[in-house]
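These numbers come from a predicted model, not from an experiment.
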Amino acid sequence: MKPVTRRRVLIGLGSGAGVLIVGAPLALNAGRPALVEFIEENGTGPQDAPRDPDLWFEVTPAGVTFFVPKVEMGQGIHTALAQIAAEELEVTPEQLTVRQADTARGYAGGTMFTFGSTSVKALYRPLREAAATLRELLREEAARQLGVPAARLTAAGGSFFVAGSRERIGYAQVVAGKQGEWVIPEAAPVLKARRDFKRIGRAMPRTDFRDKVLGTATYGYDARLPGMLFGAVARPPRFGARLVSASAGAAGRQPGVERVVIDLKAGFAGVVARTRTQARAALSSLDLRWEGGTTASSADLDAQIQAGSGSVLRRRGNVRAALDGGTVVRAEYRTPLAAHAHLEPLAALADVKAGGRIEVWASTQYPQKIVDDLRGVFGKDREVLVHPTQLGGGFGRKAGQHAALEAARLSAAVGKPVHVGWTREEDLQHAFYRPPTHHVLRGSVGADGRVRGVEQFTAGGDIIWGQTGLPEFVRDALGFDPGGLLGQFLPYDLPAYRVVNRREALPVPTGYWRGLGVLPNTFALESFMDELAHAARVDPLAFRLRHLGSSGDEGRLRTVLDRAARAAGWGTPVAAGRARGVACCLDLNTASALVAEVSVDGGRVRVHRVTVAVDPGLVVNPDGARLQIQGSVMMALSSALHEELTIQDGRVVESNFDRYRLLPLRDAPEVEVILIESGEDPQGLGEPVMGPAAAAVANAVFTLTGQRLRTLPLRPGS
């Protein structure tokens with residue numbers, strides 16, 4: 001933890017903040033495994049956050065306001081971060097007013113990006129230090145005003161109490177009585193010991209619950225301003241098509257239409273109208289001509305994604321020698337394109353003042369990207385203010401917020417605020433997607449029932465690179481996409497292991513999807529571990545435990561496997577027509593293991609019960625953690641059993657939820673969650689459990705039917 005540097009600070013005033021981005025240096029073949037290890041240990045996103053209390057808090061006579069930089073999309077992050085802040089501030093949660101930060105109030109920059117289950121992990125220490133710094137600033141000032149030594153003051157419930165007397169003073173009184181400026185002390189504050197926690201580690205009510213129950217929470221689709229209009233934008237007929245000519249046609253004469261906006265250089269054509277329905281209706285009257293684009297199909301993508309060559313990401317022992325003996329198993333696995341399928345489509349409201357400030361309200365995971373994109377269009381010096389709203393789901397898709405840029409272009413043209421809300425069809429057919437993957441594994445087990453070695457070939461489309469402007473030659477030189485590293489490696493003690501990865505730039509846009517590579521990779525690896533266990537004629541649970549040590553990450557995996565298996569009744573009789581499967585993974589430094597109990601009826605898999613044990617380090621809010629894990633399980637099962645996006649003639653076939661199938665509520669299984677704290681600080685929680693679910697279900701189907709399913713979605717008999 002870096003020390004707080006001395007600087008002058010005024011409580012109640014905001015300022016900018018720096019963000020450290022860890023970049024990935026270019027690497028060639030010999031250094032690539034080391035580069036992969038570096039990224040695994042350090043990540044690729046924001047690694048630090050400012051400790052300045054004025055960026056986080058505002059103290060007024062009305063109380064303490066906490067500005068939360070992370071966006072709330074159902075994961076309960078505002079509640080968890082409020083608990084952390086309240087702990088060091090010594091206030092009750094009820095005394096803390098929680099507000100979403102925007103790009104002007106609170107702190108902005110890359111740290112504001114809500115992604116990758118990193119929010120609590122990344123902010124746990126900085127937020128505690130900022131809160132503790134504020135507490136100590138207030139203590140020193142309270143001592144001065146009361147004329148007593150600071151050591152005699154005890155903080156509790158938003159006040160300081162003087163030891164040995166009935167005298168007390170509230171935080172707001174301290175601020176009101178302050179003369180001059182506040183100065184942050186040179187030394188870092190002393191943080192509480194974990195044994196003294198009163199807020200962290202306990203279930204607490206959601207800060208956003210009341211507004212959502214009453215229907216007063218504002219989502220991007222709800223954003224409104226007086227005098228605003230509505231916009232709709234033309235979309236290309238296939239991926240990669242260019243708009244080569246455009247005119248208003250009859251659109252300008254349609255009811256309610258205020259303006260037709262065409263920017264051929266930007267490939268943009270849209271309509272502004274008094275209502276959203278009028279704007280959308282007029283789109284069909286535009287005279288547009290598109291050229292080019294891909295005509296690829298799903299079969300073409302599968303043919304392009306072929307594992308078998310590429311960059312060596314991990315190398316241990318002599319794999320060739322290991323595969324020359326023992327019982328050799330070879331298997332291939334595939335996962336398809338998948339959509340985010342969030343309930344709220346992309347939406348944003350923009351107000352572009354002529355030559356002045358641009359203000360945007362958007363359901364976005366990445367406000368700073370909107371700022372950067374708008375400055376790229378309207379000028380680098382332009383003042384841009386982004387207000388993140390509540391999100392009706394995101395799962396990575398709302399890291400790119402095209403609606404904000406579209407609304408701004410239209411608003412600039414008409415000089416009024418304009419709202420753009422995508423339709424469900426637009427959201428499914430003009431997005432970026434989870435890329436397809438292909439995995440080829442060969443492994444050998446000896447007569448002693450242990451793995452002799454594993455060779456793993458993996459291929460997939462871009463994830464992080466798919467949403468960045470990194471030149472193709474740089475991507476080729478790196479040889480892998482960092483997003484594909486999640487869940488990429490077997491966590492077991494193997495004497496020989498080699499991983500070769502191939503990345504492909506596909507003609508269909510791909511990018512972040514919840515958990516990035518963890519679900520496709522873990523599906524392949526944990527299914528393969530089951531195949532090796534079967535070849536060794538060893539119980540799958542015992543086989544995994546046989547290859548795990550008792551300390552470090554292996555020890556944590558051993559613990560979660562053991563706890564999940566015992567709670568699920570592993571080894572005991574199961575109801576007729578059912579079977580259990582097990583899988584585990586280590587992702588974002590969180591260990592998780594999952595046991596699925598399934599049946600198969602008429603080629604359809606039904607998951608009846610899921611038991612999952614998770615070690616995410618310190619758990620800030622056990623209720624919130626359980627809900628996060630249950631949500632992850634449901635989304636993973638939906639992907640495992642139903643979700644598949646089809647490409648035909650360069651466009652998406654599925655147009656809405658009637659054709660893009662999700663796990664229905666009637667098929668939601670019972671989910672038992674076991675939380676295990678290993679003593680570490682909080683780690684990632686929302687995504688790691690996405691990993692083992694698909695493999696556990698596939699392994700259970702094999703136990704029940706003898707059929708090994710190696711392609712998602714799982715379809716017995718196919």
Q: Between T79 and T207 (side chain of the first, backbone of the second, donor and acceptor by atom type, cut-off under 3.5 Å), is there such a pair?
A: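 Here the side-chain-to-backbone pair exists.
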
Q: Give a yes or no on whether a salt bridge exists between E680 and R556, defined as a side-chain N under 4.0 angstrom from a carboxylate O.
A: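 Answer for the salt bridge query: yes.
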
Q: Would one find more than 12 heavy atoms of other residues, nucleotides or ligands at under 6.0 Å from atom CZ of F209?
A: no

Q: So among I674, L675, V610, which one has a side-chain contact (heavy atoms from CB on, under 4.5 Å) with I629?
A: L675

Q: Between R152 (side chain only) and A163 (backbone N and O only), is there a donor and an acceptor less than 3.5 Å apart?
A: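 Confirmed, R152 side chain pairs with A163 backbone.
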
Q: Closest heavy-atom contact between A143 and L153?
A: N-CD1, 3.5 Å

Q: Does this structure show an ion pair linking R409 with E406, if we count only N-O contacts that are shorter than 4.0 Å?
A: no

Q: I'd like to know if the side chain of S632 and the backbone of G686 have a donor-acceptor N/O pair within less than 3.5 Å.
A: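 Yes; at least one donor-acceptor contact below 3.5 Å.
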
Q: Answer yes or no: is there a donor N or O on one side and an acceptor on the other, between the side chain of R195 and the main chain of K192, under 3.5 Å?
A: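 Such a contact is absent between R195 side chain and K192 backbone.
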
Q: Between D372 and Q368, does a side-chain contact (heavy atoms from CB on, under 4.5 Å) hold up when you go through it step by step?
A: CA-CA 6 Å; D372 295 341; Q368 186 60 42; 3.0 Å; yes

Q: Might you point out which heavy atoms bring A408 and V352 nearest each other, and give the distance in Å?
A: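 Where A408 meets V352 most closely, the heavy atoms are O-CG2, 3.5 Å.
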
Q: Under 3.5 Å, is there a donor-acceptor pair between the side chain of Q390 and the main chain of A217?
A: no

Q: Is there a donor-acceptor pair under 3.5 Å between the side chain of Y433 and the backbone N or O of A431?
A: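 Yes: the side chain of Y433 pairs with the backbone of A431.
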
Q: Might you point out which heavy atoms bring T590 and P616 nearest each other, and give the distance in Å?
A: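 Nearest pair, atom of T590 first, then P616: OG1-CA, 3.6 Å.
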
Q: Holding to side chain to side chain contact (heavy atoms under 4.5 Å, CB included), I want the full list of residues that pass it with A564, two or more places apart in sequence or in another chain.
A: A593, V595, A613

Q: Regarding H78 and Q100, is there a side-chain donor-to-acceptor distance under 3.5 Å anywhere?
A: yes

Q: May I ask you to decide if the ring planes of F160 and Y171 are parallel, tilted or perpendicular, using 30° and 60° as cut-offs?
A: tilted

Q: Count the heavy atoms belonging to other residues, nucleotides or ligands that lie under 6.0 Å from NZ of K416, then report whether that count exceeds 12.
A: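 Open.
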
Q: Please determine if D681 and R194 form a salt bridge, counting it only when a charged side-chain N lies under 4.0 Å from a carboxylate O.
A: yes

Q: Using 30° and 60° as the class limits, which term best fits the ring planes of F113 and Y512: parallel, tilted or perpendicular?
A: perpendicular

Q: For H342 and H340, take the angle between the two ring planes, folded into 0 to 90°, and tell me which bin it lands in: parallel under 30, tilted 30 to 60, perpendicular over 60.
A: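 Judged by the thresholds at 30° and 60°, the geometry between H342 and H340 is tilted.
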
Q: If you measure from the Lys or Arg side-chain nitrogens to the Asp or Glu carboxylate oxygens, is any gap between K353 and D351 under 4.0 Å?
A: yes

Q: Nearest 0.5 Å, what's the CG-CZ distance between L127 and F66?
A: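 Result: 4.5 Å between the selected atoms.
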
Q: Before accepting this row, confirm whether a basic side-chain N of the pair K198/E90 lies closer than 4.0 Å to the acidic partner's carboxylate O.
A: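 Salt bridge present between K198 and E90.
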
Q: Under 3.5 Å, is there a donor-acceptor pair between the side chain of D587 and the main chain of L486?
A: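 Checking the backbone N and O of L486 against the side chain of D587, no donor-acceptor pair under 3.5 Å is found.
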
Q: Could you report the tightest heavy-atom contact between E87 and R199, atom names first, then the distance?
A: OE1-N, 2.6 Å

Q: For a quick test of reading the model, state the closest non-hydrogen atom pair linking Q83 to V620 and the distance between them.
A: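 Closest approach of Q83 to V620: NE2-O, 3.1 Å.
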
Q: Would R105 and F67 count as a cation-pi pair here, with the cationic atom under 6.0 angstrom from the ring centre and within 45° of the axis?
A: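 So R105 does make the cation-pi contact.
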
Q: Using atom types as modelled and distance alone, determine if a side-chain donor or acceptor of T389 lies under 3.5 Å from a backbone N or O of W361.
A: no

Q: Sub-3.5 Å donor-acceptor pair from the side chain of Q365 to the main-chain atoms of K398, do we have one?
A: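 Answer holds: yes.
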
Q: What pair of heavy atoms forms the shortest contact from Y219 to G392, and how long is it?
A: CD2-N, 3.4 Å

